[in-house]
Structure formats: C-alpha cells, structure tokens
Amino acid sequence: MADQVTRPDTARLVRGLNDDQVRAVQTTEGPVLVVAGPGSGKTRVLTHRIAWLLEEKGVLPDQILAMTFTNKAAREMRDRIERLAGDEIGGLWMGTFHSFGVRLLRQNPGVVADRLGLQPNFLVYDDSDQQNIVKRAIQLAGLDPRQLVPRRASSRISGAKNQMLSPKEFAASVTSHDDEVIARVYEHYARLLREANAVDFDDLLRLPIELFDRAPQVLDRYQTQFRYILVDEYQDTNRVQYVLVTALANRWRNLFVVGDPDQSIYAWRAADIRNILEFQSDYPDATRIDLEVNYRSTARIVKVADAVIRENKQRLDRKLTTTNDEGEPIALRELADQNHEAQFVVAEIRRLMQTQGLRPDAVAVMYRTTAQSRVLEEAFRVSDVPYRVVGGVKFYERKEVRDVIAVLRLLHNPSDVVSLERVIGSFAIGKGLGPKAVDTIRDWSTAYQRPISEGFIAFVEPPADADVPVPGLSGAAKTAATKVGSALARMRDGAKTATLSELFDQIVEVTGYRNAFDGSIEEEMQRWANVLELRTDLSRYDAMADPTEALAQYLEQVALVADVDTMEDDGQGQVTLITLHSAKGLEFPVVFIVGLEEGLLPISRAVEAEFQDPQPMEEERRLFYVGITRAQKMLFLTYASSRQLYGRYSPGVESRFIESIPQTALSTVSRSYPRFGNSRTSLRDRVGGAERLGGHGRGAGRYDGSQPGQSDDFSQLSPSMRAEPVAARPSQTYSAGQKVFHNKFGEGQVVGVEPRRDDQEVVVAFDRHGTKRLMASLAPLDIIA
DNA sequence: AAGAGATTTATTTTT
DNA sequence: TAAATCTCTT
C-alpha cells in the first residue's frame, strides 16, 4: 500500500487507510492541499499525520502547530492523537485559531504592551460585549441608533478588521456616505476597546499579525519553531487567518491544509473560499490530494448529496463515491404545517425506536433557523422522546451567570467598562446610579487615564496621586457610588488571596446577589441554581497556587470555550435538535431535515439576492449538502404546505433543492393534508402514483424496486398517514422525602415537587450529583423507598 | 431613575 | 409570535 518502507512500530499509523489517505499522512514535506469530501476520513488523516510526524519523523511536539475552528474539533483531535501516539504530546500546539492568537499575545506580554498598547490583564470581549461598545460608539459619533443599527455597524467593523484596515485606513478608503459614517463609529469603537484594555474576536487573529509587523523578531521565532503547520476546515478561513498561516509557514513551507469547498457555509462571516481554491497558485509546488471515498453514508445518500451539490456553478468538479450498500430510500414528506411536521418527526422517531430499537442519540433533526426548534421541542416534550437542543442558551450566556462573571472580569481588569455597567445595572449595590452618574465617572476615567473602577474606589480610597481628584458627584449619586466603590475595594482585596470559589462567596455576600432571587418563584430559583453552578465551575481552578493567574485562566476559558457540549446526557441518549450550520462535522445514523421550503431553505435573503448575486444561493445549497451528508443510514426530508412565520401563516412552497434529488432515490411521497398556495412542480407530477391518501404507509413508497430487508423493513419507516399527537407517559406521583433511583445520577431524595404544564417537575437531591430538577414524565426515576 | 406601554423587527453564529 | 428596544410617564 505504501511505497515508503515504514518502521514496524509506525506501520500501524497507516494500516486500514486507503492510498490517498496514506499519501496525505506521509507527504510530510512541502505544501499539501487535501480536498476532503464529507465522510472521507479527514480527521483520521489529520490525526494520523500528526502521529506520523511525531513517531516516524521524530518531530518534537512543540514544532507542530495544528489549528481548528472549534474547541470541540481540537479536543477530539487531541484525544485521538493521544490514543495513537501515547501521551508525549503535551507540547503540541493544537487549538482554535483564536486560542492560538491569545496564546501568542500572552506569551509576549512585554512586546504586546509596548507595540500594541495592550496590558497583560486584557480581556476578550464576546459578541454581546462588542454590541455594547458599538452602541456607545454610535452615540459618540453623534448618530441616532435608528439610522445605524448596532448589528450592522459591528458587522461592517468586523469586515474592516478582516481586511486588516485600521480605522484610519478604512476612513481613507471609504467611497459612500454610509461607509463614512461607519468609519467614524469604527474609530470610536477601536478607542473604546483600547481604553477598556479589551480585544474582540477579530483582534485575536489580527493583533498577532500586527505584532509580527512591528516586532519581526517575534515572527522569526515562531516561524522557526513551527516546522509543521496543519489547518483544518481551510475552506472557512478568512483573509486574516490566511495571512497569519501564510506568515507562520513561510520558513519551512510545510503547510498542510484540509478542507472542502462544497462545505463552505460561513462566507457570511467573512470566510473566503478563495483561500482553498487558490492554494495551488499560492504554492505552485503544492501536492493536491483528493479524498473522495465516503465511508459514512449509504450509496443512496451519497448519490443524492452529489446530485444536489452538482447544481452549483462555482465549484471544483469532483465526484463523491462510496462502496457502501445502497441503503434505504430517502423519505420525502409534505405536511400541512409546522406542527404536523414536528409531530411527524416525533412519530417517526418513536416508530423507529419501537420497531428497530433505535436509540434516540442516533437521531438528529436539522433545521435552517433556530426559531424552528421551538415547535419541535414542544412535540418532543409531549411525547416521551428525550431530546437536547444544541446551541440553545449557553450556560455562560445566561444573564445571572454573566452578572457574576462581570464582577470577576472587573476585578481582573478594572478598566472593563462593559462589565462595570453591567454590575451597576444588575446588582442591588448599583441602585441609585443612573447613566448620568456613570458618565461622570467615565469622563473622569478618560480625563485622568485611570481605570473606571478606580473612579468608584476613589470615594473610599482617595487617589494616591494628588493631581487626581475624586469624581465630581454629590448627594444620592455620591452615596451610591461610594457604596459601589467600597464593595469593589473589598472584593479586589479578596481576589488577591482567595481561591475562585472563595471569591465567588465573597462576591455574592458583598453584592447581596442572593437576595435578587425570589425563593418562592421557581424560575428564579432555577436561576439561582445556575449561579451556584457557576461556583462549581469556578472551583475547578481552586487548586491553582496563584489566585490572579487562576482568575485570568478562568476568564479566558469562558471567553474562548463556549462549551456547547456541556449538556447533560441523561444516560438514555437524546435526539439532537440542531441547526444545519452547527451540524457540520457531525454524523448521525438517522437524520431529519425539516422546513425544506423556499424562503427557509433556501432562506429568503438568498432568494431575493439570487439574480444580482448567486453566491448566497449557492451557499444555501451547500448548507443542504452538509445536512444530507451528516446521515449515515436514513434520511428524512420534510416541508410544510403552510408555515407560521413571524406570527402569521403563509403558504409553503417546496424548496427548489428537492428538484435536484433523483426520483429513484426517494421513497414516500404522500400528502395527508390538502395543500393550498401555489407550489412549484408538483411532487405528484414528478412521482406518478405515489400518492396514497388515507393509506397506512405499508408498501407504499418503494419506487426503486428494492426489496425490504428482514429486520429493517423500510415500510415500517413509512409514515402513518396521520401523525397523531402522542400522549405523554403517565407520570408517577412523587412526593418530598421519597428515595429515588436515577439511571445516571444514582440514588437521591425528593426534596420538592412542582406542577408544570401537563407535568410535574421533581427536585431531587442526589447523593453524588447534587440537586437536579427533572421532569416527572421524562426522567428515568424509580421510587425505591 | 425606573417602570409601563408602544413600537419595531425578524438567518445562520465555530471564536 | 415574541423578543428587544424605544418612549413616555411617574
């Protein structure tokens, strides 16, 4: 298989790989482009290649830099390499682009302060912090937030940063009045960030480059260090990432990039597909390797995916192949509206669970917009099918969690205006301070170049510098500001020596945050529980010797690791509800793609832009392609003939993407409800005789002549004509004091039972896993005493 | 300063 | 529809 003789102990690194994969693993020198179709073993190649470099080539771990887009991908790769290469990979530079950027800035505090004006305690501002600053910048630019929505401003600013334009350069390049306005906002925005000693996500990629420009010796050091650079999902890199990678790889030129232009779905976020398309002209000596064998999906799914993506004009001509079995037909189903659609999905899943022992975690339901998850959730909730929503409100994004984190951030970086405003707005100690009082202190802070926190602390600790007065407040405002100042000073002193969980306790005490939650309202108690959860989260850093460093690392983790998969699994497995975007990189035996309608998938904006700019429409198609190729065994596609959008029903027209699917690959086409509205080509016309109104799905819908398998007769999958609502499992009656047993959490005691709509919520104090709130109808709880 | 009512506006979101 | 933001009132 391999033309290179390998040492016996490394032969295993290429065992079981196909020829192309082996080449990708073994072509270690020079630039390499791997165009990897979905399910073609991309991650395998990346991990085996790194193991190969370490073991066969004797490369030191810290000479390898591997960059991914998500923490999840990085973690997964690290785990797999560890298993392949043993655990001598500590020094490996593997992480997201952004974490690499931070690491680089942190590693060079002196130069960073000197050349970039960023103090070592700088914070990373996330999207919502950024919005905050942008709003302020719009105000300062003397604009009405109605003539320039903050969202648009921040996206334009981000665009400018991604083209590596400073506010001045951007201002110099404007051609429209619109951009002129943006330029003014950008200028203020940049200044506000610097004053807050904070950076945004774009800066994490941009500033390292700036640093290299201003301190070439730093670039030289890293260029020398990283002999081998690997980049995952190269099709999603933007211009700045491209420049960064190119600069780093310049010395050794051992740049290995993997990607799939057909899975580029982030152009709207400045991803530049040209980076991958033009790799070979950037590096004329590049080796190109195409991975086109799909090991993931049935032949039918691969065929459909290929047929769908083939319609895009702007793409490399490639063909995905597979040696897998033909598999089941793809089910296409029209439903009356979004409720029926959701019920159909749930009913099908239950049927598969019953007839084939399908596990819920083998199933994913994918949709274009997050709003679509609501009605699906509702349907899952009333049935007893467990589910989880990926990318819902994340833990660190909850208001009550952010509030406490704001205090932590402020203690770490006293210049953090955004957090300061949050502390004043959310905590009782901030009562009595309005925008005017805060402005006074903000002005003081700007005038005397002092961190904004000190403006408050000045009321209890007069500034050491005699030239710096106490901010000019009087009366009630002064009293209130003094209160804030004294609280900040106390917590600041505490932060010097306390572990993070001790600091948490202090914060809660000093700010009186506990009292902000009404113990008699269950929702508030849940929010308080989240606050306590944060304490547990913080305690993970308690073992660290240096409290300041612990706080720094914790805050960085919060900013950079939006842990999506912290979601508890109940042990039984859950159906995954997920947007098509978030589904990239995942795979499931059974996939439902819902809402295949014009205006939804493809999304209306792409439809509207179609004739002046075909790009968005092609990206929508790629998104559909990504969805299809997540499926291993079975694929269900649904659309509704009427859908409630923005509060009103409008006719649903089946997506144009459906037309690309070969009829022979489809199974069930049936219509159980009268449709209205004018549709595109009627399905009935395309698949003659498919319709069997009122039938029971048995035998219906096999148009490819295939015979049903014994154990997984596809007719079983064929929908019943009327997806009836599913009754909730009768709940047991729980009462406080009972001992219960949970599959995952073990033994515990019921401490409370609260009525919920058609259900009960049971509060259980588990012996090992703390107190949990569980829905009576869903939780696998047994009463044991 | 703070809360109540009115108005506006709707993708996707790795970091 | 529903969330978020704005305006007006107290």
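Chain identifiers are assigned alphabetically (A, B, ...) following the order of the sequence lines, protein sequences preceding nucleic acid strands; residue numbering begins at 1 within each chain.
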Is the aromatic ring centre of A/Trp268 closer than 5.5 Å to the centre of the six-membered base ring of B/dT12, with the two planes inclined by less than 30°? yes
Name the nucleic acid region contacted by A/Leu433, choosing base, sugar-phosphate or nothing; use a 4.0 angstrom heavy-atom cut-off, strictly under. sugar-phosphate
Got a sec, which residues hit salt bridge (Lys or Arg N to Asp or Glu O under 4.0 Å) with A/Arg274, two or more places apart in sequence or on another chain? A/Asp272
Counting any heavy atom closer than 4.0 Å, what does A/Gly432 reach on the DNA or RNA strands: base, sugar-phosphate only, or nothing? sugar-phosphate
Any base atoms under 4.0 Å from A/Arg648, or only sugar-phosphate, or nothing? Heavy atoms, all strands. nothing
Quick one: label A/Tyr266 by what it contacts on the DNA or RNA (base, sugar-phosphate, nothing), any heavy atom closer than 4.0 Å. base
Establish, with yes or no, whether the OP1 or OP2 oxygen of B/dT13 is under 4.0 angstrom from a side-chain nitrogen or oxygen of A/Ser582. yes
For A/Arg622, check salt bridge (Lys or Arg N to Asp or Glu O under 4.0 Å) against everything at least two apart and list the hits. A/Glu619
Can you list, in residue-number order, the parts of residues 120-132 of chain A that come under 4.0 Å of DNA chain B, counting heavy atoms only? A/Asp127
Secondary structure of DNA chain B per the Watson-Crick/G-U criterion (both distances under 3.5 Å; [ ] crossing, | other strand, . unpaired) is ||||||||||.....
Rounded to whole angstrom units, what separation is found between the CG atom of A/Asn71 and the P atom of B/dT14? 11 Å
Please, which pairs that meet salt bridge (charged side-chain N to carboxylate O under 4.0 Å, His left out) have at least one residue in residues 419-440 of chain A, sequence neighbours excluded? A/Arg136-A/Asp439, A/Asp403-A/Arg422, A/Glu421-A/Arg442, A/Asp439-A/Arg442
Listed partners of A/Arg194 passing salt bridge (Lys or Arg N to Asp or Glu O under 4.0 Å), at least two apart: none
Using a 4.0 Å heavy-atom cut-off across all strands, classify A/Thr370 as base, sugar-phosphate, or nothing. sugar-phosphate
When the C1' atoms of B/dT12 and C/dT5 are considered, how many whole Å apart are they? 23 Å
Distance alone, cut at 3.5 Å: any donor-acceptor contact between the side chains of A/Asp260 and A/Gln235? no
